[in-house]
2 protein chains.
Amino acid sequence: MAKIDDVARLAKVSKGTVSNVFSQKRPTSNEVRERVMSVSRQLNYVPNHTARSLVTKKTMAIGLTIPHGSFFFSAFHTQFINGVILEAAYYGYRVLLDIIPVHEVKTPFLTSYPIDGAVVMRPTANDERINLMHMGQIPFVTVGHVMNENIEHSTSVDNDNVQMMSNICEYLVGKGHKDIMFLNANEHMTVSIDRKASFIQAMKDRGLDVEEHMIHHKPELNSSEYMDYGYEETIDILGKQKKKVTAIIADDDRTAFSVLNAIKDLNLSVPGDVSLFVICGDNSMMVQSNPSLTSMDLQPSELGAQSVRLLMHQLGVLQGEYDENIIVEGKIIERNSVSTIGHEEDRK
Amino acid sequence: MAKIDDVARLAKVSKGTVSNVFSQKRPTSNEVRERVMSVSRQLNYVPNHTARSLVTKKTMAIGLTIPHGSFFFSAFHTQFINGVILEAAYYGYRVLLDIIPVHEVKTPFLTSYPIDGAVVMRPTANDERINLMHMGQIPFVTVGHVMNENIEHSTSVDNDNVQMMSNICEYLVGKGHKDIMFLNANEHMTVSIDRKASFIQAMKDRGLDVEEHMIHHKPELNSSEYMDYGYEETIDILGKQKKKVTAIIADDDRTAFSVLNAIKDLNLSVPGDVSLFVICGDNSMMVQSNPSLTSMDLQPSELGAQSVRLLMHQLGVLQGEYDENIIVEGKIIERNSVSTIGHEEDRK
DNA sequence: TTGTACGCGTTATCAG
DNA sequence: CTGATAACGCGTACAA
């Protein structure tokens, strides 16, 4: 591999000049630049990223920390990642999939991270990864708020979980539903905690009580029930326990499909017997499902882009004032899986 | 940030010794190691990844090159990426999402890549990225074979596209289907080219001719028809042109769902009027679809893992002999979207 | 504008 | 098994 000295020698200029034409930090005469570029092409020279990083102390890469121990991507993750990649590329940053493997690696973290900052998806309460970033002094922004002791100040992007659950309940209750089962995300994630509380509160605000069996949480990835989450719960509560449930809120499209199947196996129908509402699924899946699924669009791609923008602010790449906590709006998209129920008298 | 010298000084050893206890490349006495580690913890010291890379010439990261200009992940991508990440982590490697953005960045490749090798997903014919890697001397393995001029020797993982299409045709024709429409992937990808040829050959082997209108290709991502690929084609061929089609092979689950919708809109049913066969969709989606979808499992996760293993061989991390081209088997998973048709006499 | 030391933090080499 | 020193390739003041 050609080095900067080789280019300098052949182009009859100094290292510094070559450096400048590549970094463009200082102006160089047209003539010189041409000559340098020509020689570089000829020698197949490109600046060494690592050496440059060593002195600039910038790696031009950000880490993307996928949910704890999770290696399954839902539509939310997929679109979020798209948003991150696109936005990062815009600022010249690359994205390093930054993972804490399930099976402990030999010597974890025996070296510093070659990243300038990180986006942490879906932190859990007292997330170990957050502590690590915090200690390692590396700038980060989370998707969903941080719930770690001794960390009170942190930047994040999120949907307004309170407003969101309130809107959903408003929508469902407005259509006559009082017995709503909530298939929440994994209980350790802070967004999940927020949503559970918000859900209960939203129902209470409408004079409705939420019983314990009406809220469930997605199992850990490694558990065998993970892929079927939604099926067993539906069969159990509606079928075996014969509890009254007129509407179900599912955490993602996969869960929704499981529910759909369970309901079919119970010889019930959507939305005839029970309504189904999805929080953030893949749009085309929702549309092409039968019936098409009414859902709340969390705008994951926008969340991804915003999280990068926030990080760029922290890194000083983006100048000016900025909000440390960005809220992205969730929008209800009506399709055909929720129906109005009850007679006038039922609704009081 | 503490540096190695600080640790050396406080632990009363030399830099070299500190280096050794961290890299474990040379044995160190227990006593010394303890002391060094203790001081390191105290100083919050971790070796600087960049400085280390500069001298070892290893970044301990591999690039994962997503399909050209594509920012949409199908089930195949998702699972493939999972396989890559997991396997890479096993060898202590990180994964850099290595993308050629759609909107050209200012000065692309003005610096060397901070990766030791790369996995290139779904190369196209004369893929520009492949040429880049080739010139840049960076080891890479592709998913799907390379079709670039002046590159004849390259390592790759793939399914056996010939065998695969043959098996699918065997399966479908065996059930009486003669008029099969193939909704292929994007025409530029080499796997797509392979499959088209294999499909035609497989049909010919069975005495069947494939007309032009029976093969379609997924539009580019940026085109507006991308998300609906499968719908228009089905409506057009079966509905408007009234061509006889008894079975459809769809490239992925999204396409399959679009087809399902089109068929419903045509007042036809699956598998009653037309059978549907999917190449590599998300299993839980396939199962939970109605009807559940018969598909060919390409084992994307396994492909991902194997591609990394191949790369590790090239990087010298893995020792010993190895095949330069690994074939992962595709398995047909029967569900309920393909039916047997025709009377005895029809089949001759 | 250009050339020249020097530093970035580590590992490799070679004595001891 | 440990210590001293020379690379590694580039950016950057500082001087010219």
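So you know, we letter chains A, B, ... as the sequences are listed, proteins then strands, and number each from 1. The basis for the numbers below is simple: all heavy atoms, side chains too, and nothing from hydrogens, waters or symmetry mates.
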Can you give each donor-acceptor pair under 3.5 Å made by side-chain atoms of residues 42-49 of chain A, sequence neighbours left out, with the distance rounded to 0.1 Å?
unit_1, atom_1, unit_2, atom_2, d
Asn48(A), OD1, Thr50(A), N, 2.8
Asn48(A), OD1, Ala51(A), N, 2.8
His49(A), NE2, Thr59(A), O, 3.1

**Item:** Set of salt bridge (Lys or Arg N to Asp or Glu O under 4.0 Å) partners for Arg309(A), sequence neighbours left out
**Value:** Glu87(A)
**Request:** Tell me, please, which residues at least two apart from Ser29(B) pass side chain to side chain contact (heavy atoms under 4.5 Å, CB included).
**Result:** Glu31(B), Val32(B)
**Item:** Listed partners of Arg9(B) passing side chain to side chain contact (heavy atoms under 4.5 Å, CB included), at least two apart
**Value:** Asp5(B), Asp6(B)
**Prompt:** For Thr17(A), which residues count as a side chain to side chain donor-acceptor pair (under 3.5 Å) partner, sequence neighbours excluded?
**Reply:** Ser14(A)
**Request:** Identify whether any heavy atom of Thr28(B) sits under 4.0 Å from a base atom; if not, whether one sits that close to sugar-phosphate; answer base, sugar-phosphate or nothing.
**Result:** sugar-phosphate
**Request:** With sequence neighbours excluded, tell me which residues meet ring-ring contact (aromatic ring centres under 6.0 Å, His included) with His313(A).
**Result:** Tyr322(A)
**Prompt:** Taking only residues two or more places apart in sequence, or in another chain, which ones meet Gln79(B) in a side chain to side chain contact (heavy atoms under 4.5 Å, CB included)?
**Reply:** Ala75(B), Pro300(B)
**Message:** Does either side chain, that of Ser301(A) or that of Asn82(A), offer a donor lying less than 3.5 Å from an acceptor on the other one?
**Reply:** no
**Request:** For residues 133-143 of chain A, pull every pair meeting side-chain hydrogen bond (donor to acceptor under 3.5 Å, both in side chains), keeping only residues two or more places apart or in separate chains.
**Result:** none
**Complete:** Per nearest nucleotide of DNA chain D, the residue lying toward the 5' end, Leu54(A) or Ser29(B), is Ser29(B)
**Request:** Quick one, give me the B/S/- string for nucleotides 10-16 of chain D, reading 5' to 3', where B means a protein heavy atom under 4.0 Å from the base and S means that only happens at the primed atoms, P, OP1 or OP2.
**Result:** BBB----
**Message:** What is the distance, to the nearest angstrom, from the NZ atom on Lys57(B) to the P atom on dC8(D)?
**Reply:** 7 Å
**Request:** Give me the first and last nucleotide of DNA chain C, going 5' to 3', that has any atom under 4.0 Å from a heavy atom of chain A.
**Result:** dT2(C) to dG9(C)
**Request:** Using side chain to side chain contact (heavy atoms under 4.5 Å, CB included) as the criterion, list what pairs up with Ala88(B), not counting sequence neighbours.
**Result:** Ile62(B), Tyr93(B), Val95(B), Val308(B)
**Message:** When the axes are fitted on five pairs at both termini, how much does the helix from dT1(C)-dA16(D) to dG16(C)-dC1(D) curve, in 10° steps?
**Reply:** 30°
**Asked** Touch check for Lys12(B), heavy atoms < 4.0 angstrom, all strands: base, sugar-phosphate only, or nothing?
**Response** sugar-phosphate
